Amino acid sequence: MITLNDYLLVAGILFAIGLAGVVVRRNIIVIYMCLEMMLSAANLTLVAFSRFHLVDGAPDYAAQSLVFFTITVAAAEVAVGLAIIVALFRAKQSVDVESVTKLKG
Amino acid sequence: MTSYNAASVVLLLPLLSAFFILVLGRTVGTTVSKMISVGSAALCFVVSVATLGVTNDSGVLVSFLNVGKLHADIGFIIDQQSRGMLFIVTFIGLLVHVYSLGYMKEDKAQSRYFGSLSMFMFSMTGIVLADNFAMMFMFWELVGLSSYLLIGHWFEKPEACEASKKAFLTNRIGDFGFMIGILTLWAASNGELGFAQLRESLSGGSVSGPLHSAPAWVLTVAAIGIFMGAVGKSAQAPLHVWLPDAMEGPTPVSALIHAATMVAAGVYMLVRVSFVIAASETAMHLIAGVGGFTALFAALMAVQQNDIKRILAYSTLSQLGYMVMAVGLQAGEAGMFHLYTHAFFKALLFLGSGAVIYACHHEQDIWKMGGLSKKTPITFLTFVIGTAALMGIPGLSGFFSKEEILGAAYHDCGWLFTAAAFTALLTSFYMSRCVIVAFFGKARSENADHAHEAPLIMTAPLMLLSIFAIASGYGFFSDRLQAMVPHAEHGEGHYLVMGVSIAAVVIGAGLAFFLYNGKDKDPLNIKLFANRFYIDEIYAVIVKVFQDRLAWIVSGLESIFADGLVARLPAAIACRVGKTARAIQSGHLQGYTFALGAGLILAIYLVVQVLPKH
Amino acid sequence: MTVLLGSIDLTFLAISLAKIIVLTFMVILPMVAYSVMAERRGAAIMQDRVGPNRTNLPLTLLGFKKDLSIFGMGGLLQPMADGLKFILKEDFTPKHVRTFYFWLAPALTMVPALLTCAVLPFGSELNLGFLGLAHPVKAVIADLNVGPLYTFAIASLGVYGIVLAGWSSNSKYPFLGAVRSSSQMISYELSLGLAIVPVLMVFGELNLGKIAAAQDADGWLVLPLWGDGLSPGRLLLWIPMLISFVIFTIAMFAETNRMPFDLPECETELVAGYHTEYSSMKFALFFLGEYAAMIIGSGLAVTLFLGGWSIPFGPLLGLGYTPGATPLWLGLLHIATFFAKVIVFILFFIGVRWTVPRFRYDQLMKLGWLWMFEIALANVLLTAVIMWLVPLK
Amino acid sequence: MPSVLFYLFAAITLLFGVGVVVARNPVASALSLVCSFTGLAALFISLDAYFIGTLQILVYAGAVMVLFLFIIMLLDIKAAEGRQTNYATAVGGLLLAVLFTVQIAMVLGDFKEGNKTLADQTLNLGAAASKTSLNTIKDELAEGTLPDAKLMGFTLFDKYPFQLQVVGLLLLAGTVGVVVLSKRDRGGKEEVS
């Protein structure tokens, strides 16, 4: 049968994939997608814990509320982030993170 | 009206008015600004008249600054001294406001002028109401600031600029001493700043305060320090140099600040804290000596001045010297009484001189006037009344107060009495000279020839003030106005003192009449007096020789130690370290993320695997 | 492996499979085919033409004298012929396209449209006691408690097909069509979602089956004339419900790229929009997807506003739904009612297409953002106020 | 929930997740992510979180990823395709991922409570019904169905209304920010593109 650990492991691997993606990829849009993936991995752990931690026989909806807020904030973040990417592209004609190293020390 | 309400209204109204004018003055226009300023002054006057009937009280208005042992509250103290002073300040303030409406009619920056006036009113009432040294000091500085603003009102004139700077800097020297005095007291009394608490601490009454047991030299230092504040603000020698120059400001300002109120603040403060001064014999002698010296010294200089306002300025110095001397002779009440009468007649004289200047198209040299008695009769009459009061002609207010001081000097110290008596003679002489030269004879210039009487808005305050100049010495008046009148029994020598003072008046006036009647040029020519004993020049040399050298040395030290070792060296080190360390900041997102991930893994490893095992 | 398989409920799986196959392949797809036919005939009638009327059973091929017309109506076999033609035509893939996505796009249009029908209650329940089933079978594939949300979620995936089609075609007109389409769909999704919020508020329910059942018992939302529907609160709510219905319908037109909102594929500007480069079966899939979306949309509108499978005045006529005790014939009648309503709605779709002229693109966006969105929002507020002032029960 | 489905959806989620990172073409990445999210939504639903699962598809797959796709297509990025892979970063990323996974596996190995199965944790809807104050929810719980969305809404509006408002404000701020960011300077020089 499927245990809580199975879900957590899936979430952990998904997070790891996302992290690797952020490190490996240079396309800023893909990096953004990987960030979303990491956020979703965190959401999966929250939902899993919510289901396995029953409150009065029902899932713990406080955790799911947190997921709800995460999704909302992520949506807002994506909108603003993409607008920034578009502005960046207008300025640099590129979405490669290697092209935006102006702020180095 | 409770004392609390009165104090807050008197304090807040001018502040609000100043704030409003300075912030919105440009937007609402000159007329509104003027109305607000004059209105606030009038309201303050009404309130302070109402305050005359209020019983003694003190308290805290705003809890302002409470850090550790330092308790600097905005408080108030209402007693006979502050009530009387408040009346003088608001009354003369109101008159000057009204007078300024006429005098400053042509000015371009009236908003700023009236805003500054309101600000001055705020600061001055703050000093009067202060119940502790911190508040006193804050408003002391505010008075300095507003005085600076008002002296430099015509800042496009280089003299006005210089004069305002000079006043400010000279005051700062005195204030430095004042601060030392306050801090000494604060430290010696274990963190007390309130006058009442200090008095109690000093008296060693019910609770034997730490100040009571403080060594004598501490109290001497404190008293002399505090006196230095008064020296600066009340323009006593050797810091008197700023006051004559301050006459560059508009004449109403001179009347308000440099005759009646601000310069009197020093005396007021000394009387307020006379319990501290009384604790130190040395300080008292010093104060009396400085006062007497200033009185004589300034009178001598006044004898050879030609600018009508400067004559009055030196006369103010001399009279302030009287008051300080009285404080030093432990006759603070006599000093306050003189302050009170002097405020009226000196304000009258200054406003009168303003009217004269106005009449002569901004001509200030008395040798270019003459024959004004016919052209400007009201000004002439009121000016003469003021002069008479200042000279101390019997029956006028000046006579009573001056006589009190002379009496105190006579009882205490022989040579101070001599100096004071001689000063009285000189006062009589130079004031008569001024009146004779300016108002009699024939017109000595075009401007004086075309002189015309000032408008009613300027003469009305003159007339009102002349009533006070005549009558304020009588008990009927002074009691109602809560002035501090010494009611001591006149001891032996009372008639001698009176005789001497009358004789001084008569001799001085006679001498002046004999010398100056009908003259077109000054028959006397005493370079030393005319050039004010070369004090300014001496200061200039001192500054040049000593201060510049010192500054040069200090600058060198500073560039080695402060700039080099303290600032440049660490900066260079930080710069180098930063240059080395910033290689880490490659700007590559992937590198950062890798570090983040590696750190995360390490952190989890430490927390989950390593930590529980220990 | 046995453990894995043991956790599966075989009966449930079989019934679900049956429902899926029946609904999708035996109902929706034929309906799609015949709505194309209806569209052509309807257009012909409105334009005073004849339309396709000659495709019959091709008996002549077998040597008969005359083709056989079904029900005596010519042209009823036209969809079959069309389908055959689509399959048999050459499947041409231009050289400049991104092949993988070019092939993926049509499928991505078709699949979400069909997936959506999973939560549509197409009937009350079927008493299949004669097959040995203890409980009556609910006439819905997945009885989810988040029905409308599921519909929106899946429908929002439909945009991928169009966007990918336009982008992978690697040519100007399809790309413009795709951009238009996606922004149009995103814009109108807002009004669509907001339009059903009042409905959900009234029912306090996210289960489409329960919504339909409630309408059966207490009157449809746009026809509240029996049961609780006659209470003052419900009668007053009739106003916002009507507004919701209108907004929902209009937004549905935009979502399915139907006239007057068919800007993504408008011939006069973009040749054929996002499917310009497509031919043969891939084109057919777009076609099918579009009509399937239309049918599902109609189904949703019918379920939410028009009582779903409910027969008008059903409870009064004794044709209402009693949970667990509905006879088989009544169950079948409910299913028939549902599809009858859907067909009427589709005919309405077709009628509008040949009645209203096409919008300009800026007008379309303006309408969506400046009017529909605000009205829908205000409508939510209006509903809330009415529900607050006049309690429903 | 049959185990086979869990493995299926977990595999979809993870494999397409890898696809996001590996794919050269950003469009492929985006589509992989959509698939990954769909699998994730299925996992959510397997955990009885219907509302969150639907939301995952509705918001991420339906809106956010469409935006991504849109931007990728509008910017028409081709540069990334055909560029040489940087092996150093690739190895670094892989190392991180492996290390992290191993670490998670180790941590989970020590996590005894994590061995609970869904069967151990069956929902007790009757108990939940007796604790609920709202009638509609109570009725449904008593019927034996889990009114997921309603419970969610109840939690949000009953327990965290303030946070909900704050999130609303955040969205507004985000909207304004996007408008400001993407508005071109009308007065400035026209860009040549």
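Since the structure is predicted, the reported quantities are computational estimates derived from the model, not experimental observations. So that the names make sense, note that chain A is the first sequence line, chain B the second, and so on, each numbered from 1.
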Between [X] and chain A, which part of the residue has a heavy atom less than 4.5 Å away: side chain, backbone, both or neither?
X         : answer
Ala30(D)  : both
Leu14(D)  : both
Leu40(D)  : side chain
Tyr60(D)  : side chain
Leu164(D) : both
Val98(D)  : neither
Phe154(D) : neither
Leu96(D)  : side chain
Val59(D)  : side chain

Hey, could you give me the [atom1]/[atom2] distance between [X] and [Y], rounded to the nearest 0.5 Å?
X         : Y         : atom1 : atom2 : value
Glu36(A)  : Ser36(D)  : CD    : OG    : 12.0 Å
His53(A)  : Lys116(D) : NE2   : NZ    : 7.5 Å
Ile29(A)  : Leu67(D)  : CD1   : CG    : 11.0 Å
Leu44(A)  : Ile52(D)  : CG    : CD1   : 11.5 Å
Phe51(D)  : Tyr61(A)  : CZ    : OH    : 10.5 Å
Gln163(D) : Leu66(A)  : CD    : CG    : 10.0 Å

Pairs of heavy atoms under 4.5 Å with chain A: top-ranked of [options]:
options                                   : value
Gly168(D), Ala105(D), Ala97(D), Gly174(D) : Ala97(D)
Leu108(D), Asn115(D), Thr155(D)           : Leu108(D)
Gly177(D), Ala49(D), Ala10(D)             : Ala49(D)
Gly92(D), Ala23(D), Ala63(D)              : Ala23(D)
Val179(D), Val18(D), Ile104(D), Val178(D) : Val178(D)

Task: Chi angles and distances behind the side-chain contact (heavy atoms from CB on, under 4.5 Å) call for Val166(D), Phe69(A) - done: CA-CA 10 Å; Val166(D) 170; Phe69(A) 288 133; over 6 Å; no

Task: Val21(D)/Cys34(A) under side-chain contact (heavy atoms from CB on, under 4.5 Å): CA gap, chis, key distance, verdict - done: CA-CA 8 Å; Val21(D) 180; Cys34(A) 291; 4.2 Å; yes

Open item on the list: side-chain contact (heavy atoms from CB on, under 4.5 Å) for Leu4(A) and Phe111(D)? Distances and angles first, verdict last.
Closed with: CA-CA 10 Å; Leu4(A) 171 59; Phe111(D) 185 47; 4.0 Å; yes

Side chain from CB out, backbone as N, CA, C, O: work out which of these in [X] comes under 4.5 Å of a heavy atom of chain D, or both, or neither.
X        : value
Ile84(A) : both
Leu8(A)  : both
Val78(A) : side chain
Ala62(A) : both
Glu77(A) : neither

Can you name the closest pair of heavy atoms from [X] and [Y] and give their distance?
X        : Y        : result
Gly17(D) : Ile17(A) : O-CG2, 3.5 Å
Arg24(D) : Arg25(A) : O-NH2, 3.6 Å
Val10(A) : Phe6(D)  : CG2-CZ, 3.9 Å
Ala20(A) : Gly93(D) : CB-O, 3.4 Å
Gln56(D) : Ser40(A) : NE2-OG, 3.4 Å
Met37(A) : Val20(D) : SD-CG2, 4.2 Å

- [ ] For the pair Phe68(D) and Tyr32(A), name the ring-plane relationship: parallel under 30°, tilted 30 to 60°, perpendicular over 60°.
- [x]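 Because their plane-to-plane angle lies in the 30° to 60° range, the rings of Phe68(D) and Tyr32(A) count as tilted.
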
Task: CZ/Phe16(D): more than 12 non-hydrogen atoms of other groups inside 6.0 Å - done: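 For Phe16(D), atom CZ is not crowded (no more than 12 foreign heavy atoms under 6.0 Å).
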
TODO: Could you have a look at Val80(A), Val22(A), Val86(A) and say which one has the most heavy-atom pairs with chain D under 4.5 angstrom?
DONE: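 Highest number of heavy-atom pairs under 4.5 Å: Val80(A).
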
Open item on the list: Taking every non-hydrogen pair under 4.5 Å, which of Ile31(A), Ile13(A), Ile85(A) racks up the most with chain D?
Closed with: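 Between Ile31(A), Ile13(A), Ile85(A), the count favours Ile13(A).
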
Task: Side-chain touch Gln64(A)/Leu151(D), heavy atoms, less than 4.5 angstrom - done: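 Contact flag for Gln64(A)/Leu151(D) side chains = no.
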
